[in-house]
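The structure appears right after this line, and notes come after that.
The chains referred to below are lettered A, B, ... by the order of the sequence lines, with proteins before strands, and numbering in each begins at 1. Quantities reported herein were computed from a predicted structural model and do not represent experimental measurements.
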Amino acid sequence: MSLSPSQLTALRSLLDRIIPADDFPGALAAGTDTYVLRHLLGDGSAGAHVLLLGFSQLDAETVARHGAHQTFATLLPPQQDALLADLAAARPMTFWPPPLAAAPWFHRLVELAHEGFYADPANGGNRDAASWGMLGYAPRTTPERAAP
Amino acid sequence: MTSDHDVIIVGAGLAGGILAGVLAEGGRRVLLLDRGRSLAYSEIPGDHLRNHRLTLYGDHTTPDPAGHPRVFIDGAGVPHTVLPHDARYQLNAFTVGGGARVWGMQAWRFHPDDFRMATRYGVPDGSSLADWPIGYADLAPFYERAEHEIGVAGDHAGTTHAPRARDFPLPPVPRSPSAEWLARGADRLGWRTFTPPLAVNTRPYLGRGACIQCAQCIGFACPTDAKNGSHNTLLPRALASGRCTLVTRAHASRVLTDGSGQAIGVEYFAPTTTDSATLERRTARARTIIVSSGAIESARLLLLSASPLQPYGLGNHGDHLGRHVQGHAYPIAYGLLPPDVESSLLGPGVSVATTQFNHGNPGIIGGAMLANDFVKLPLIFWRQSLPPDTPRWGLANKRAMRDLFRRGIDVRGPVQEIPSPDSRVTLDPAVRDTFGLPVARLSGTTHPETVRTAEFMRARAEEWLRASGAERVWSWPAEKKFSAGQHQAGTCRMSADPRDGVTDPFGRVHGHDHLFVCDGSLHVTNGGFNPALTIMALAFRTAEHLLASP
Ligand SMILES: Cc1cc2nc3c(=O)[nH]c(=O)nc-3n(C[C@H](O)[C@H](O)[C@H](O)COP(=O)(O)OP(=O)(O)OC[C@H]3O[C@@H](n4cnc5c(N)ncnc54)[C@H](O)[C@@H]3O)c2cc1C
Ligand code: SF4
């Protein structure tokens, strides 16, 4: 299983709207796409396969709203956010082939993005502990003194 | 019959380790079995997606999770086959040391009235509320022993809900500024607070170092081994005695009985050699067998051990085995600290508590201790603790995380549950584990009185935050649901009369001379407190009873 280049582009744009950059890194700068991709491609489960189809659907939603010359990635951020708000509210403009459904799909991606972004860096989505730096969090553990 | 062992203990968790330590030092030859492994600190990584506070994708302690499902019966009666990371599984840690390897360390004595709930409150319709056959005074010396031999830090003068003869061996954990802020709020309400008892080395003790107040405590193993349990105290003592053999990855499948129905040994699956993936079936015999596998698996093992003489499982003559499952309803009130008070990011985190509402609440059965929460993790905060009207994505969410992570605070407490006979562990007729054995089937739900008490305590928790000056306060209503989880208890309740329970007041299975249960299963009721110190006290008591028996 893999993503087409256009699916990958849509995924990246989506992640940077779910956790946008401001004074602090957003999802992409923190490498959250690495975590999400690992999750979607890694376990190869049927559920993950269904989620991949959603990225094509995102472009279809874009075309339905803004015409065939646009993709989700080429929209302006406010247009992207409006489209995502529609999906979150279960107001898609295109047909999402079951079991895919707009709102659950978007909410799952929101969960995945934040899992990667706020988990420990070893999970791949929080490079250089970017999100932890923003929050002032650090585990502050030191190596074990003596293993029991 | 000869045997290499005097005692076989099934489960090297919190209770099993204590049993092994006391019995081996007392001269008994002990075989200690655990289905999990002895894990080094480095084998339980600081993985924020897989730990015992958030098992989103599993955890690092459970051996072969896929091979050991359980079946959960939902409110509509529909069975679901669930794996350990699913909340419906009711997981506690399957590793040497048990839950205490990764626990939050709250080490509470129960309130004296927790042992006599039926006498104090009467028995509500549909519940199996009953008094314990023992009282606080029977356990007090063993609570004290657990505090000293496991290592509990606490405020002797402030901890007044149960009589105490001796100080804690360790000074209480430091108070965070937000805990001081809560203590001042409680003062305004006229509620008494104190620093709660935690089984943590606040200074070096028993040969191990002190807590460094790291920021990932509950759910994780401790970087300085300052998190006290039996794995770093009584279990090493057992092994040092030379009389305890610990076999890990050893999964008990049956208690063996003889023609007269008495327990004579244990059948288990264990690796052919230490590192082997292949497991072989073995049997071991001993005069005394102690089942200490946690309330769900202990009940399951006794059910799996049915024989022609005891067709419904060992100790099930009175139809109590596997029933009365309890955990704790856990109401939580969330709030935001005023900007000038920061919640600390220092572990363990729990440092202010009140026992004002454990009993004596008008019209309410029982109650709960309330305390502030453990040090928080960013992802758990994102999932659970943002104000409910915060957008779940986009810049608004990110800003809320940034602004509120340091200001979030919550107050929560373990509500004493009112047991129901229909909340139970049985054997599933269809689903089997990797050994071909029927798995635990969990069914039933909370008694309505538990929900009423939980709602009362939720209101107290909100009241506390408001009186303290929280800028916003919110919470979610309690609901009826099957409850066991990390605080699982009740499935082999002790009783004076064999008809009323599974074991006698020392944990000896009624009708059996040498078969014991020792873990939360014995709890007739589970107190309005985290249960582990009571489990430990019972383990010391059962072990001493065995040493005193011929
Ligand atoms: C994250 C977390 C936080 C907690 N915080 C607190 C707290 O702050 N305060 C508190 O009081 N309690 C707390 N608890 C609960 C506490 O850990 C348990 O109450 C305690 O561990 C119960 O002890 P036990 O000996 O009955 O069972 P366990 O410690 O669960 O031990 C049972 C052992 O039996 C083994 N076993 C099971 N089945 C078999 C079998 N068939 N064959 C062989 N071995 C078997 C298991 O591997 C396990 O090691 C917490 C638990 C967790 C997970
Ligand atoms: S807060 Fe202390 S006891 Fe808890 S894990 Fe960290 S060092 Fe260990």
Side-chain angles (χ1 to χ4, degrees), chain A residues 14-27 30 35 38-39 42-43 77-78 80-82 84-85 87-88 103 106-107 109-126 129-148, chain B residues 38-43 45-51 54 56-57 96-97 101 207-210 212-217 220-226 229 231-233 235-236 342 345-347 375-383 391-399 401-406:
Chain A
L14 172 69
L15 289 180
D16 239 17
R17 292 324 299 157
I18 293 177
I19 308 173
D22 52 4
D23 295 346
F24 293 88
Y35 169 78
R38 200 185 280 170
H39 186 91
D43 66 0
Q80 292 174 323
D81 288 352
L84 295 178
L87 298 189
F106 178 63
H107 292 136
L109 264 296
V110 167
E111 291 279 331
L112 278 175
H114 287 92
E115 281 168 19
F117 189 70
Y118 287 117
D120 54 300
N123 271 297
N126 183 15
S131 74
W132 290 0
M134 171 178 89
L135 302 178
Y137 174 86
R140 297 189 326 275
T141 52
T142 56
E144 183 180 40
R145 224 175 49 91
Chain B
S38 248
L39 297 168
Y41 171 67
S42 58
E43 291 176 284
D47 185 339
H48 286 217
L49 300 176
R50 296 166 198 82
N51 59 74
L54 185 63
L56 264 188
Y57 300 112
V96 170
R101 192 64 213 276
R208 282 172 292 108
I212 53 169
Q213 297 208 274
C214 79
Q216 55 187 23
C217 185
F220 297 87
C222 175
T224 57
D225 202 14
H231 59 283
N232 50 13
T233 55
L235 177 59
E342 275 212 346
L345 293 175
L346 296 176
V375 65
K376 53 201 173 190
L377 304 188
L379 180 58
I380 295 181
F381 187 85
W382 181 82
R383 290 172 61 89
R392 294 305 294 163
W393 58 281
L395 263 189
N397 182 273
K398 190 182 178 195
R399 290 204 184 106
M401 278 296 286
R402 189 151 74 228
D403 296 342
L404 305 182
F405 181 65
R406 304 295 297 251

For [X], is it the side chain, the backbone, both, or neither that has a heavy atom closer than 4.5 Å to a heavy atom of chain A?
X        : result
B:Phe381 : neither
B:Arg402 : both
B:Ile212 : side chain
B:Leu346 : both
B:Asn397 : side chain

Revision key, fill the gap. On a heavy-atom basis, the closest approach of A:Gly26 and A:Phe117 is O-CE1, 3.7 Å

Check your understanding: Would A:Arg38 and A:Asn123 count as having a side-chain donor-acceptor pair, cut-off 3.5 Å?
Key -> no

Check your understanding: Does the side chain of A:Glu115 come under 3.5 Å of the side chain of B:His48 through a donor N or O and an acceptor N or O?
Key -> no

Review point. Under a 4.5 Å heavy-atom cutoff, which of A:Arg17, A:Glu111, A:His107 has the most pairs with chain B?
Key: A:Glu111

Check your understanding: Among A:Asp22, A:Ile19, A:Ile18, A:Val110, which residue forms the greatest number of heavy-atom pairs with chain B at distances under 4.5 Å?
Key -> A:Asp22

Review point. Which distance, rounded to the nearest 0.5 Å, do you find between the CG of A:Leu109 and the CG of A:Leu15?
Key: 7.0 Å

Review point. Can you say whether the rings of A:His39 and A:Tyr35 are parallel (under 30°), tilted (30 to 60°) or perpendicular (over 60°)?
Key: tilted

**Study point:** Pairs of heavy atoms under 4.5 Å with chain A: top-ranked of B:Gln213, B:Arg392, B:Lys398, B:Lys376
**Key:** B:Lys398

Point to revise | Side chain proximity check, A:Trp132 to A:Asp120, heavy atoms < 4.5 angstrom | key: yes

Exercise for review: Please state whether the side chain, the backbone, both or neither of A:Asn126 comes within less than 4.5 Å of a heavy atom of chain B.
Suggested key: neither

Point to revise | Part of A:Ala138 within contact of chain B (heavy atom distance under 4.5 Å) | key: backbone

**Study point:** Sub-6.0 Å ring centroid separation between B:Trp393 and A:Phe106
**Key:** yes

